[in-house]
Visitor: 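This structure is in structure tokens; I'll ask about it shortly.
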Amino acid sequence: VPEQAGTERIDAGGRCVTPGFVDSHTHLVFAGHRADEFAARLTGQAYAAGGIATTVAATRAASDADLLAGARRLAAEALRSGTTTLEVKSGYGLTVEHERRSLAVAASITADHLPAVHPTFLGAHVVPAEHTADPDAYVDLVRGPMLDACAPFAQWCDVFCEDGAFDADRSRTVLQAGRDHGLRLRVHANQLGPGPGAQLAAELGADSADHLTHLTDADVDALASAGVVATLLPAAEFSTGSAYAPARRLLAAGAVLALASDCNPGTSYTTSMPFVTALACREYGLTPDEALQAATLGGAAALGLDDVGHLAPGARADLVVLDAPSPVFLAYRPGVPLTAAVVRGGRLVWSSS
Ligand SMILES: [Zn+2]
């Protein structure tokens with residue numbers, strides 16, 4: 001490639017350069033934390049979808065400024081570990097105004113020195129306490145006034161299709177309404193047990209089905225043949241002490257894999273894609289190259305982006321200099337900050353020195 005005028009040369013000193021990580025599944029807009037719930041899990045208490053209500057209460061009570069400051073702090077943290085593109089979901093407001101506010105906050109995270117943000121509407125995260133007696137009334141709120149208010153701020157409509165959250169019919173209703181509002185689709189599927197989420201994602205042609213911890217062979221085949229990106233979240237499986245998703249079965253069936261952090265205060269309070277990559281190597285049996293590809297190009301596929309997640313002429317110059325000679329070190333040296341520098345859009349935006 002001929003060097004153009006104004007080109008900035010950065011000497012990586014023989015260190016490994018990778019594409020910036022594309023973290024295609026996060027919940028960065030929230031207040032408070034759930035360390036007590038995590039500690040309880042360590043003594044044997046199982047995770048259930050209802051824990052989300054704790055964060056909903058804290059998020060509703062927070063000021064706009066505090067919500068934005070918290071989301072920006074996490075986005076900056078993500079950038080320092082090499083993430084240059086982030087998907088960010090709403091889902092801790094669960095009223096028309098609080099969901100709209102969460103998406104407005106997500107849209108406000110963007111700055112040159114932070115990852116690029118792509119917002120997702122997740123009004124169908126759980127049924128909030130005030131609607132548990134009549135979940136269908138909540139679905140009507142989500143598919144009507146809430147989507148009307150939120151769709152202008154979002155690129156995708158997501159739903160938590162799981163026991164304790166939304167069943168297949170209610171999930172389908174929400175997703176079809178999201179599509180009618182011009183949004184593309186993603187699904188939280190098959191996290192806590194076998195269920196209809198993966199098949200629903202395939203049926204509706206979602207961009208991505210996420211979690212996928214518990215899959216039948218038919219689920220695997222449906223995702224692969226529908227071209228739905230399989231977004232795996234090993235840090236959530238680590239935090240909840242669950243089984244790990246069948247990554248090798250998905251790859252063998254021809255599915256495209258993405259790896260993401262699922263950063264959220266309940267089940268995966270990390271922004272570290274290097275940590276996610278290390279888990280994927282050890283627990284999914286991915287090679288370091290497969291894991292790195294899923295954490296970059298796979299995430300881009302899950303977000304429908306063709307100009308990030310790889311380094312080539314025409315792609316965005318979003319890249320990471322690792323303080324290491326090869327990507328193997330991401331798994332070989334877990335828990336160690338290996339990011340030496342981060343370039344976003346061709347500009348050095350962070351450096352460890
Ligand atoms: Zn999630």
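Residue numbers start at 1 and run along the sequence shown. Every heavy atom of this structure was used, including side-chain atoms; hydrogens, water molecules and symmetry mates were not. Atoms within a ligand are numbered from 1 in the order they appear, just like the ligands themselves.
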Visitor: Of Asp158, Asp210, Thr231, Asp262, which is the lone residue that meets side chain to side chain donor-acceptor pair (under 3.5 Å) with His188?
Guide: Asp158
Visitor: What's the spacing between Leu305 CG and Asp318 CG if we round to 0.5 Å?
Guide: 10.0 Å
Visitor: Counting the benzene-type ring for Trp, do Tyr269 and Phe38 have ring centres under 6.0 Å apart?
Guide: no
Visitor: For Thr55, which of Arg60, Arg34, His33, His125 qualifies under side chain to side chain donor-acceptor pair (under 3.5 Å)?
Guide: Arg34
Visitor: Answer whether the closest heavy-atom distance between the side chains of Tyr284 and Leu257 falls below 4.5 Å.
Guide: no
Visitor: Could you please tell me which protein N, O or S atoms lie under 2.8 Å from the Zn ion (ligand 1)?
Guide: His25 NE2, His27 NE2, His188 NE2, Asp262 OD1
Visitor: Between the side chain of Arg100 and the main-chain N/O of Asp148, is any donor-acceptor distance below 3.5 Å?
Guide: no
